[in-house]
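Residue numbers start at 1 and run along the sequence shown.
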Amino acid sequence: MSSATSTRQAETVERLFAAGLDELRQVGHEALTIRSVALRAGVSSATAYTYLASKNRLFAELFWRHLAEMPADRTTGSRVERVQEAVRGLTTRIAEEPELAAAVTPALLGSDADVARLRLRIGAEFAARFEAALGDGAGAKDDDAVREALLLAFSGALLQAGMGLMTYDEMADRLAPVVAVIVREAMYRACRDE
C-alpha cells in the first residue's frame, strides 16, 4: 500500500468520524445510520461500511476519541481530592457531548467484537486516570483493590446515568463521597497495618 493510499484512507476515516459526530448531534443515536454518515462525509455507503461495521462501533470510537483528547487531571491536593477531581473531569467531559453519552451506553453493552476492543481501551483510560490521581502514598499496597473499587463505582454510575437514573452532571457529586470512602478506607488500613 502506498503512502498516498494510506493517507487517503486516514483522511476518509477522519471524515467519517467527523460526519458521524455531526450526524449524531443533529439526529440522535437512534435515527443515525451508517448511510446517513456516509452521505454527510461525502463517501459511498460501501466505503463507510468498510471502516464502520456498525453504529455501535462508531459510537464507541467517538467516545474513546473524546476521552483521549481530554487533558490530564491536576496532580496536587490529597489523594481523595485528586481522585474526586479525576471523576469530576471524566463526568464533565462525558456531559460535554450529551448525544454521544446517550449513544455510548447501549453501544458498550453490546457484543460486537470491535466494540469489545474499544470497551477495553475506554476502561484502561478510566483506570489510568484513577492510577494517576492515586499517585504514590498511603494505601499503596491496596491500590489494586482501590482502583478496582473506583472502576466498579464509576462504571456503575455511568450505567445509571446512561439509563437516565441521574444526569452526568449529578454523577460527579454523587460519586464524591463514594470516592472519599474508598480512598480513605485504604489509607486507614495502610496506617493501621504499619
Note to self: Is there a side-chain contact between Val178 and Ile182 in this structure, where contact means two heavy atoms from C-beta onward sitting under 4.5 Å apart?
What the structure shows: yes
Next item on the list: Please name the pair of heavy atoms, one in Asp114 and one in Arg57, separated by the smallest distance, quoted to 0.1 Å.
Entry: CB-CD, 3.5 Å
Next item on the list: Determine the minimum heavy-atom distance between Met166 and Ala157, stating which atoms define it.
Entry: CE-O, 3.9 Å
Next item on the list: Tell me, with the steps shown, if Glu96 and Arg93 meet salt bridge (charged side-chain N to carboxylate O under 4.0 Å, His left out).
Entry: CA-CA 5 Å; Glu96 288 172 356; Arg93 184 70 176 168; 3.0 Å; yes
Note to self: On a heavy-atom basis, which atom in Arg129 and which in Leu67 lie closest, and how many Å separate them?
What the structure shows: NH2-O, 4.0 Å
Notebook entry, point to check: Heavy atoms, side chains only, cut-off 4.5 Å: are Phe126 and Leu158 in contact?
Noted result: yes
Notebook entry, point to check: Side chains of Thr47 and Ser44: donor-acceptor distance under 3.5 Å anywhere?
Noted result: yes
Margin query: Distance check, rounded to the nearest 0.5 Å: Leu152 atom CG versus Glu148 atom CD?
Written below: 4.5 Å
Next item on the list: Give a yes or no on whether the backbone of Ala127 and the side-chain of Arg147 come within a donor-acceptor separation of less than 3.5 Å.
Entry: no
Check: Taking atom CZ of Arg35 and atom OH of Tyr49, what is their separation to the nearest 0.5 Å?
Finding: 5.0 Å
Margin query: Does this structure show an ion pair linking Glu61 with Arg65, if we count only N-O contacts that are shorter than 4.0 Å?
Written below: yes
Checklist line | Leu58, Leu118, Ile94 screened by side chain to side chain contact (heavy atoms under 4.5 Å, CB included) with Phe63, the one that passes | finding: Ile94
Checklist line | Salt-bridge present (Arg8, Glu11; N to O < 4.0 Å) | finding: no
Check: When clusters are formed by joining ILVMFWY residues with side-chain heavy atoms under 4.5 Å apart, either directly or through shared neighbours, do Leu109 and Leu100 land in the same one?
Finding: no
Next item on the list: Salt-bridge test for Glu125 and Arg121: reply yes if a basic N is under 4.0 Å from a carboxylate O, no otherwise.
Entry: no
Check: What closest approach, in Å, do Leu16 and Ala41 show between heavy atoms, and which atom pair accounts for it?
Finding: CD2-CB, 3.9 Å
Next item on the list: State, to 0.1 Å, how close Tyr168 and Thr91 come at their nearest heavy-atom pair, and which atoms those are.
Entry: O-CB, 3.6 Å
Notebook entry, point to check: Would you find a donor on one side and an acceptor on the other, under 3.5 Å apart, between the side chain of Arg82 and the backbone of Leu134?
Noted result: yes
Margin query: With rounding to the nearest 0.5 angstrom, report the CG to OG distance, Asn56 to Ser111.
Written below: 9.0 Å
Note to self: Between the side chains of Arg40 and Glu23, is the shortest nitrogen-to-carboxylate-oxygen separation below 4.0 Å, so that they form an ion pair?
What the structure shows: yes
Notebook entry, point to check: Side chains of Phe59 and Leu108: closer than 4.5 Å at any heavy-atom pair?
Noted result: no
Item checked: From Asp22 atom CG to Glu99 atom CD, the distance as rounded to the nearest 0.5 Å -> 11.0 Å
Next item on the list: Write down the atom of Leu62, the atom of Phe17, and the distance for their closest heavy-atom approach.
Entry: CD2-O, 3.4 Å
Item checked: Sub-4.5 Å side-chain heavy-atom contact between Glu97 and Arg25 -> yes
